[in-house]
Amino acid sequence: MFELLLTMLERLGIIVTIAFVLTRFRFFRDMIHSDQLARKQQYVAIGFFGFFGIIGTYTGLTFSTESLQFNSWPLEVSSDEAIANSRVIGVVLAGLLGGKRVGFGAGLIAGFHRYMLGGFTALACGLASIIAGLIAGSLHKRNRHVKLRSAFVIGAGAETVQMLIILLLSKPFENAIALVEVIGIPMILANGIGCALFLLIIKNVVNEEEKAGALQAQKTLRIADQTLGYLREGLSAASAKAVCQILHREIDGSAVAMTNGTHILSHVGLANDHHQVGHEIQTTITKSVINDGEIVIANDQTIHCSEKDCPLGAAIIAPLKQRGKTIGTLKFYFRSEKEITHIITELVLGLSNLLSNQLEIAEADKAYQLAKEAEIKALQAQISPHFLFNSLNTIISLIRIEPDKARKLLVSLSHFLRQNLSGTTANMTSLNQELKHVKAYLEIEEARFVDRLKVIYDIDESALTMNLPPLTLQPIVENAIKHGIKNKNTDCLVEIRIARQSNGTLVCVTDNGEGIPPERLSQLGQMHVSSELGTGLGLYNVNRRLSMLYSNKATLHIRSTLHEGTTICFMIPTTEDD
């Protein structure tokens with residue numbers, strides 16, 4: 001009995017080999033991880049496991065109840081013989097992994113084959129194979145992996161059921177008793193161990209590959225995180241050097257290089273004495289990658305390095321693309337072609353796609369910045385006519401009454417407009433220049449209000465070096481005069497306060513005018529507001545530009561009380577340039 005157990009365990013080496021081969025098939029991986037197989041996958045699984053059951057039969061041992069001797073490789077079975085085999089392993093695993101239908105189908109194929117071989121246990125063993133598949137299939141659980149202990153218990157249990165069926169159906173009964181006494185325990189143990197071993201090998205192989213894939217994905221994500229900040233600046237010598245240093249550190253290669261369409265931008269690692277930055281691309285194979293846009297693997301015969309003793313004997317050269325056009329290459333060098341595995345090739349291809357996408361993002365960022373700057377210019381240009389019309393109306397009213405004063409105001413207006421136009425071409429200006437701009441505007445407005453307008457300046461001189469978008473303060477002051485105090489006959493007051501704070505500079509404009517109705521207050525600065533009082537375009541444009549440049553840190557904050565006045569404030573955040 002013990003010798004039979006050892007012999008059957010030896011035959012499990014064939015089972016191990018089959019298990020490893022099965023891990024190469026996609027459908028088998030799906031069985032490991034999927035809750036339910038598609039119909040076509042079920043048919044394929046039935047065929048494979050049924051064939052596996054047949055192999056289990058052929059790798060068994062024939063046992064003669066007359067001579068009590070075992071013979072290897074049972075190609076023919078006489079009427080007094082039976083087979084000690086591992087057929088149940090394939091059938092049980094079919095049911096555990098694929099469910100009842102797969103278990104029944106595999107058991108039917110393996111059982112029918114066993115029946116056709118003959119022997120006094122042919123019917124019992126054939127029927128037992130089908131029952132084993134149904135039992136295992138009924139124990140198939142969705143959303144849960146099969147445990148090794150469960151595989152052993154179910155495999156041993158299915159073989160125990162087979163022994164019972166042999167005792168019930170096989171004739172003569174004396175032969176059945178003699179057979180079960182000899183092969184029962186060895187087959188129960190061997191097939192239980194075989195089921196667990198088969199499952200263990202499959203899980204280990206699949207899990208190791210998944211672990212390797214997860215590590216590669218983790219490495220790729222880490223590289224993406226480290227390189228994104230550099231490639232946002234586009235493909236340049238500085239960004240290429242930083243990226244190559246990261247790639248050389250993360251990937252096991254002899255050297256890493258990047259080129260643009262004509263020159264070497266960076267080379268990190270071996271052979272940097274003759275693969276020098278700034279040199280033109282010399283090799284034909286690199287030029288072909290730029291022209292064709294396809295990844296190429298170069299060996300010592302095709303790499304064509306100009307240096308005879310170059311330690312780099314192989315390379316993977318992948319294209320870097322923008323909008324489908326190859327703009328450069330990513331090159332991984334190795335000492336020999338043997339070091340280039342399929343996994344490394346796939347990794348390099350993935351990295352070239354990743355870096356190409358990052359370059360696309362960089363180009364999109366530049367386009368966004370240009371669009372944002374263009375929008376800011378357009379917003380600034382919208383403000384200039386707004387002020388011009390009000391100023392001309394004031395001067396026209398003075399031409400006949402006080403021509404000298406009108407002439408003086410025209411000179412002031414010409415200076416003001418010159419500065420106003422220069423503001424539409426500049427991205428930023430100092431708070432000092434912006435304040436001068438406002439004072440010029442108020443000189444014109446004071447002429448209109450005669451002695452009714454009083455302006456108070458509360459200015460922290462140390463804050464005037466802060467930078468902000470041009471034409472930001474003037475529309476707020478204009479709003480205070482045009483909508484705040486225009487209907488007051490006396491004691492019109494506008495206060496401009498600029499104060500340095502820990503997180504930036506606070507700018508506030510306060511008037512003692514009519515105030516803003518509550519229902520309109522929440523809309524100002526957020527949208528165009530059409531009403532008899534105006535559209536709110538000036539404040540909307542100012543708020544829009546501030547939020548675009550400083551995010552929500554610098555948006556307008558408006559406080560107003562009806563018939564008492566309005567205060568509009570914004571914060572200029574402190575930056576490294578300030």
Exercise for the section: Under the ring-ring contact (aromatic ring centres under 6.0 Å, His included) rule, collect the residues that match up with H113, sequence neighbours excluded. Expected result: Y58

Problem - Minimum-distance pair of heavy atoms, taken over all atoms of G105 and I46 - result: C-CG2, 3.5 Å

Completion exercise
In short, G269 meets H248 closest at the heavy-atom pair CA-NE2, 3.9 Å

Fill in the blank from the handout: To the nearest 0.5 Å, atom CG of L351 lies from atom CD1 of I246 at 11.5 Å

Exercise for the section: Take Q358 and T227, measure what side-chain contact (heavy atoms from CB on, under 4.5 Å) needs, and give me the verdict at the end. Expected result: CA-CA 9 Å; Q358 289 184 345; T227 57; 3.1 Å; yes

Handout entry: Pair T259, K331: side-chain N/O donor-acceptor within cut-off below 3.5 Å
Key = no

Practice task
Provide the closest heavy-atom pair for G155 versus V88 in the form atom of the first, atom of the second, distance.
Solution key: O-CG1, 4.5 Å

Completion exercise
Taken to the nearest 0.5 Å, the spacing of I285 CD1 from I317 CD1 works out to 5.0 Å

Practice task
Kindly determine whether F120 and L179 satisfy side-chain contact (heavy atoms from CB on, under 4.5 Å), including the steps that lead there.
Solution key: CA-CA 11 Å; F120 78 99; L179 174 69; 4.1 Å; yes

Completion exercise
Of all heavy-atom pairs linking F49 and G90, the shortest is CD2-O, 3.4 Å

Problem - Within residues 264-274 or reaching into it, pairs that qualify as side-chain hydrogen bond (donor to acceptor under 3.5 Å, both in side chains) - sequence neighbours excluded - result: none

Practice task
Side-chain contact test, heavy atoms from C-beta onward, threshold under 4.5 Å: evaluate it for I130 versus F104 and give yes or no.
Solution key: yes

Problem - More than 12 heavy atoms from other groups under 6.0 Å of NZ on K321 - result: yes

Handout entry: Student check: side-chain heavy atoms of P319 and E294 closer than 4.5 Å
Key = no

Practice task
Under the side-chain contact (heavy atoms from CB on, under 4.5 Å) rule, what do F198 and F52 come out as? Steps first, then yes or no, please.
Solution key: CA-CA 12 Å; F198 187 97; F52 182 39; 3.5 Å; yes

Exercise for the section: Could you give me the CA-CA distance, side-chain angles and deciding distance for I281 and K287, then say whether side-chain contact (heavy atoms from CB on, under 4.5 Å) is met? Expected result: CA-CA 7 Å; I281 296 173; K287 293 178 180 178; 4.1 Å; yes

Problem - Euclidean distance, R335 CZ relative to I340 CD1, rounded to 0.5 Å - result: 13.5 Å

Handout entry: Non-hydrogen side-chain atoms of T555 and L546 separated by less than 4.5 Å
Key = no

Handout entry: Test item: V161 and I131 side chains (from C-beta on) under 4.5 Å apart, heavy atoms
Key = yes

Completion exercise
Heavy-atom closest pair (P573 atom, A554 atom, distance to 0.1 Å) is CD-CB, 4.1 Å

Problem - Reported CG-to-CG distance for the pair L330 and L247, which is rounded to 0.5 angstrom - result: 6.0 Å

Problem - Min side-chain heavy-atom separation V243-M258 under 4.5 Å - result: yes

Handout entry: Side chain proximity check, F332 to I344, heavy atoms < 4.5 angstrom
Key = no

Problem - Any side-chain heavy-atom pair of T59 and N85 under 4.5 Å - result: no

Exercise for the section: Quick one: closest heavy-atom pair of A196 and F152, and the distance? Expected result: CB-CB, 4.1 Å

Practice task
Classify the side-chain pair S356/Q322 by whether it contains a donor and acceptor separated by less than 3.5 Å.
Solution key: no

Practice task
Supply the atom-to-atom distance E159 CD to I89 CD1, rounded to the nearest 0.5 angstrom.
Solution key: 9.0 Å

Practice task
Not counting sequence neighbours, which residues clear salt bridge (Lys or Arg N to Asp or Glu O under 4.0 Å) with R222? List them please.
Solution key: E250

Handout entry: T121 versus S170, side-chain donor and acceptor atoms under 3.5 Å
Key = no

Practice task
May I ask you to decide if A237's main-chain N or O and N260's side chain share a donor-acceptor pair within less than 3.5 Å?
Solution key: no

Exercise for the section: Evaluate the side-chain proximity of K241 to C244: yes if any heavy-atom separation is below 4.5 Å, no if none is. Expected result: no

Exercise for the section: Could you tell me whether the side chain of S254 and the main chain of F334 form a donor-acceptor pair under 3.5 Å? Expected result: no

Practice task
Indicate yes or no for a side-chain donor-acceptor contact from T57 to the backbone of R114 under 3.5 Å, with no hydrogens or angles considered.
Solution key: no

Exercise for the section: Please check if any side-chain donor atom of S129 sits under 3.5 Å from a side-chain acceptor atom of R87, or the reverse. Expected result: yes

Practice task
First locate atom CG of L117, then atom OH of Y115, and finally report the distance between them rounded to the nearest 0.5 Å.
Solution key: 12.0 Å

Exercise for the section: Tell me, yes or no, whether the heavy-atom count around F51 atom CZ, taken from other residues, nucleotides or ligands under 6.0 Å, exceeds 12. Expected result: no

